Each structure stands twice: as structure tokens, then as C-alpha cells.
2 protein chains.
Amino acid sequence: MTRGIPPGPPWLSKVLHGYGYRYTFPREAVLQALSDTREHLSAEDVYLIVHGRYPQIGLTTVYRALDLLVKIGVVVKFDFGDGRGRFELAFHPSAKGHHHHLVCTCCGRVVDYTDWLEKEKEFLQTTEKGLKQKYDFEITDHLIQFCGKCAECRNMTNKVKGGE
Amino acid sequence: MTRGIPPGPPWLSKVLHGYGYRYTFPREAVLQALSDTREHLSAEDVYLIVHGRYPQIGLTTVYRALDLLVKIGVVVKFDFGDGRGRFELAFHPSAKGHHHHLVCTCCGRVVDYTDWLEKEKEFLQTTEKGLKQKYDFEITDHLIQFCGKCAECRNMTNKVKGGE
DNA sequence: GGCTTTTTGAAAATAATTTTCACTATCATT
DNA sequence: AATGATAGTGAAAATTATTTTCAAAAAGCC
């Protein structure tokens with residue numbers, strides 16, 4: 001049963017074919033779910049959205065689609081330390097371009113920021129060039145993330161013990 | 001049964017007591033295991049070492065000890081994307097000071113590097129100060145990691161599909 | 001030494017993710 | 001447009017890392 005493809009330009013089709021993969025309904029649906037939000041969705045979050053819209057799509061398939069989209073560079077996977085992967089479009093349509101994450105170690109809140117990127121770029125260029133030369137790695141990606149306590153959590157006077 | 005404490009200066013005792021925790025044999029043994037290597041051990045790796053030396057110590061206890069040591073800042077936990085946490089001493093006795101990781105996305109090899117830290121420091125100062133002001137976070141930590149392909153893996157002419 | 005509370009350890013439980021396998025859809029070739 | 005080889009899907013079972021449970025044991029204050 002051909003089920004029709006969710007709305008949206010099927011550029012994914014070209015990308016998938018370019019890598020020798022097939023363009024399928026669940027893969028497009030997963031991409032759509034990620035396009036529709038600015039949040040950092042877990043695999044299950046994605047499943048809930050996708051399965052809500054197209055109940056025939058199962059959790060396993062969502063996991064596989066996410067893996068594949070990460071592999072071909074369309075989606076990026078993050079780890080915020082809560083034991084599950086978080087997924088985002090690599091190039092998000094809604095303004096959300098290159099950004100990094102600021103995670104509150106206390107409440108888990110995640111802030112996306114896009115500031116001070118010039119300074120970062122400088123740093124990255126120096127470092128990536130150096131790493132390439134010294135360790136002979138072809139650098140494909142970097143992970144920059146800051147952890148701290150948000151204002152709200154700081155006001156709760158929590159000691160180390162017991163914490164959280 | 002008091003089992004005696006593994007060799008090594010019991011500075012851990014002071015630190016633990018300072019936070020209101022007790023100084024115990026398994027906690028010291030876990031710390032020793034991490035001190036004795038420069039590798040990035042998983043919880044099970046640590047268990048194998050510790051349990052090999054002191055068979056009465058169980059896996060659960062190792063997990064709990066690692067959690068606690070992370071909480072009090074003696075140990076740092078990393079994630080290299082293979083689904084399990086990796087642990088390192090925060091301040092390693094053997095030269096291994098402040099460093100970052102370069103991970104091969106292909107074979108999983110991890111290189112510790114300590115180069116270009118001046119440039120990094122500059123970048124971190126600017127960014128951390130900015131984040132604090134703009135988002136009112138008290139920055140406590142950062143995570144910087146580069147991914148790429150090591151020379152060996154590049155020579156294997158592996159296409160995306162099939163990969164690994 | 002006795003007492004209170006924390007820690008331990010084995011086993012069971014949990015949670016995220018992966019594998020299995022029979023069935024179905026995609027798409028290059030008729 | 002039909003066919004067929006192959007890749008993809010989905011439900012359930014399996015796996016893996018980690019956490020919880022709970023009774024027994026150890027730590028450290030009196």
C-alpha cells in the first residue's frame with residue numbers, strides 16, 4: 001500500500017538516493033517531525049509525533065530512520081546526560097542555524113545560543129588545523145557545550161548532598 | 001569485616017567527609033583503579049579492575065562510587081557516543097592534565113590532546129562571560145570534543161553505506 | 001563496645017536501544 | 001504499467017547499560 005508522502009519538498013529523496021538509500025514514507029515523516037519543532041526531541045518524542053500522525057509507523061522504524069538521517073548528515077544527535085539521545089535537524093529551516101547548547105546541570109533545561117560565534121570560529125580554525133596536522137585526523141565535526149546552573153536553580157540554595 | 005584500605009594517600013577520606021559522606025573501601029578502590037590508568041574506562045571496565053583485585057566488590061557498588069565521585073568533582077564522566085559512560089580522574093596524577101578528546105567516528109579510537117589551549121582559553125573566557133551575562137547561568141563546566149576520521153580509517157576507502 | 005545511619009551486594013527491575021524475522025514497499029528493469 | 005530483486009518495515013523478543021530493592025554489614029559518633 002503506497003501511502004502518499006507527507007507535505008514538504010522531497011529534497012530528502014535526492015539526498016537518500018545520492019547515498020544509495022531509498023526514499024520512504026517513514027523517513028520523510030521523521031524529517032517532518034524534526035522540521036516542525038525547535039526542541040531537542042528524543043527518539044520517543046519523535047515517535048509520539050510521527051505515530052500520532054501516521055499510526056502505522058512504529059518505534060523501531062523511527063530509531064532506524066533517525067540513525068540513517070544522522071549517518072547522512074541531515075540530523076545531528078546530542079547527549080545531554082539524561083541517558084537518551086536527542087535529535088535535531090542539522091540545518092533547521094526556522095532561523096535556528098548554527099548553535100550550541102547551554103545545559104543546566106540542576107533542572108536539565110537547555111538553552112540554544114548563537115552568540116560569540118566569531119571568537120568560536122577563530123578557535124575552531126586554529127584547533128582543527130592543528131589537530132589535522134598533529135594527529136592526522138580529518139575533522140568532520142565538533143561538540144561544544146557548556147554546563148552550569150540557571151538563575152532559578154541557584155536561588156534554591158541546594159547543597160551538593162541530596163542535590164537535584 | 002574491616003578489609004583494610006588499598007595503598008595510596010587517603011586524601012579521598014578528607015574530601016568525602018567534607019561533603020558528609022563516608023570513606024569506604026570500595027570508593028578508595030575505584031579511585032585507585034582510575035588513578036592506575038590513562039584510559040577512558042567504562043563503569044564495567046572499572047568493575048573488572050576493582051573486582052579483579054577485591055572480588056567482594058560488586059558492580060552496583062562501582063556504579064554508585066563512580067556517581068558519587070563525579071558528584072563531588074573528583075571524577076569526570078564523558079560520553080563518546082557508544083552508549084556507555086566513560087570515567088576519568090578530574091586531576092590525573094600522571095601528567096595528564098587539562099585535555100580534550102578527539103574521537104574517530106569510524107573505529108572509536110580516542111586521542112587525548114592538550115594543544116592550542118591558549119586559543120581555547122581565550123574563546124572560553126569570552127563565551128563563558130557572555131553566557132553568564134546574557135542567560136544568567138553560572139557556568140561550571142564545558143565540553144569540547146572533536147570528531148573525525150583517523151588516518152587508518154581513511155585509508156580503508158569506506159563509503160558511507162556499509163561503513164564501520 | 002554499642003548505636004545510628006550510611007553503604008554494600010546480589011538479584012530483580014527498568015529504560016533505551018537493537019535484533020530478529022516474516023511481510024511489504026521501492027525502484028530499476030522490463 | 002507489470003515484475004522482481006532488494007531494501008525497508010513493524011511487532012515482539014532480546015540486549016545492554018544502569019538503577020532500584022532490601023536485608024546484611026561497615027563507618028564513625030557516643
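Predicted model, so just to flag it, every value in this text is computed and none were measured. Reminder, nothing fancy here: chain letters follow the sequence lines and each chain counts from 1.
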Between [N] ([atom2]) and [X] ([atom1]): distance, integer Å:
| X | N | atom1 | atom2 | answer |
| --- | --- | --- | --- | --- |
| A:Tyr23 | D:dT9 | OH | P | 12 Å |
| B:Glu44 | D:dT15 | CD | P | 15 Å |
| A:Tyr19 | C:dC27 | OH | P | 18 Å |
| B:Asp45 | D:dT18 | CG | C1' | 15 Å |
| B:Gln56 | C:dT7 | CD | P | 18 Å |
| B:Tyr21 | D:dC29 | OH | C1' | 19 Å |
| B:Ile57 | C:dT8 | CD1 | C1' | 10 Å |
| A:Lys71 | C:dT18 | NZ | P | 12 Å |

Are the side chain of B:Arg154 and the backbone N or O of A:Asp136 linked by a donor-acceptor pair below 3.5 Å? yes
Ignoring hydrogens and angles, tell me if any N or O in the side chain of A:Arg109 forms a donor-acceptor pair with the backbone of A:Cys104 under 3.5 Å. no
So, do B:Gln56 and B:Phe25 sit near enough that their side-chain heavy atoms are less than 4.5 Å apart? yes
Taking the side chain as everything from C-beta on, heavy atoms only, tell me whether A:Gln32 gets closer than 4.5 Å to A:Ile49. no
More than 12 heavy atoms of other residues, nucleotides or ligands under 6.0 Å from CD of B:Glu122: is that the case? yes
Does [X] place a side-chain N or O at less than 4.0 Å from the phosphate oxygens OP1/OP2 of [N]?
| X | N | result |
| --- | --- | --- |
| B:Thr24 | C:dT8 | yes |
| B:Tyr63 | D:dT18 | yes |
| A:Arg22 | D:dT6 | no |
| A:Thr61 | D:dG10 | yes |
| A:His17 | C:dC27 | yes |

Just checking B:His51: base, sugar-phosphate only, or nothing, at a heavy-atom cut-off of under 4.0 Å? nothing
Using a 4.0 Å heavy-atom cut-off across all strands, classify B:Arg64 as base, sugar-phosphate, or nothing. base
Heavy atoms from C-beta onward define the side chain here; which of C:dT18, D:dG8, D:dT9 lies closest to that of A:Asp67? C:dT18
Given the structure, check if the side chain of A:Ser42 and the base of C:dA16 hold any donor-acceptor pair shorter than 3.5 Å. no
Tell me, which of residues 78-87 of chain A have any heavy atom that sits under 4.0 Å from an atom in DNA chain C? A:Gly83, A:Arg84, A:Gly85
Hey, what's the ring geometry for A:Tyr113 with B:Tyr135, parallel, tilted or perpendicular (30° and 60° as the breaks)? tilted
Over 60° means perpendicular and under 30° means parallel, so classify the ring planes of B:Tyr21 and B:Tyr19, tilted if in between. tilted
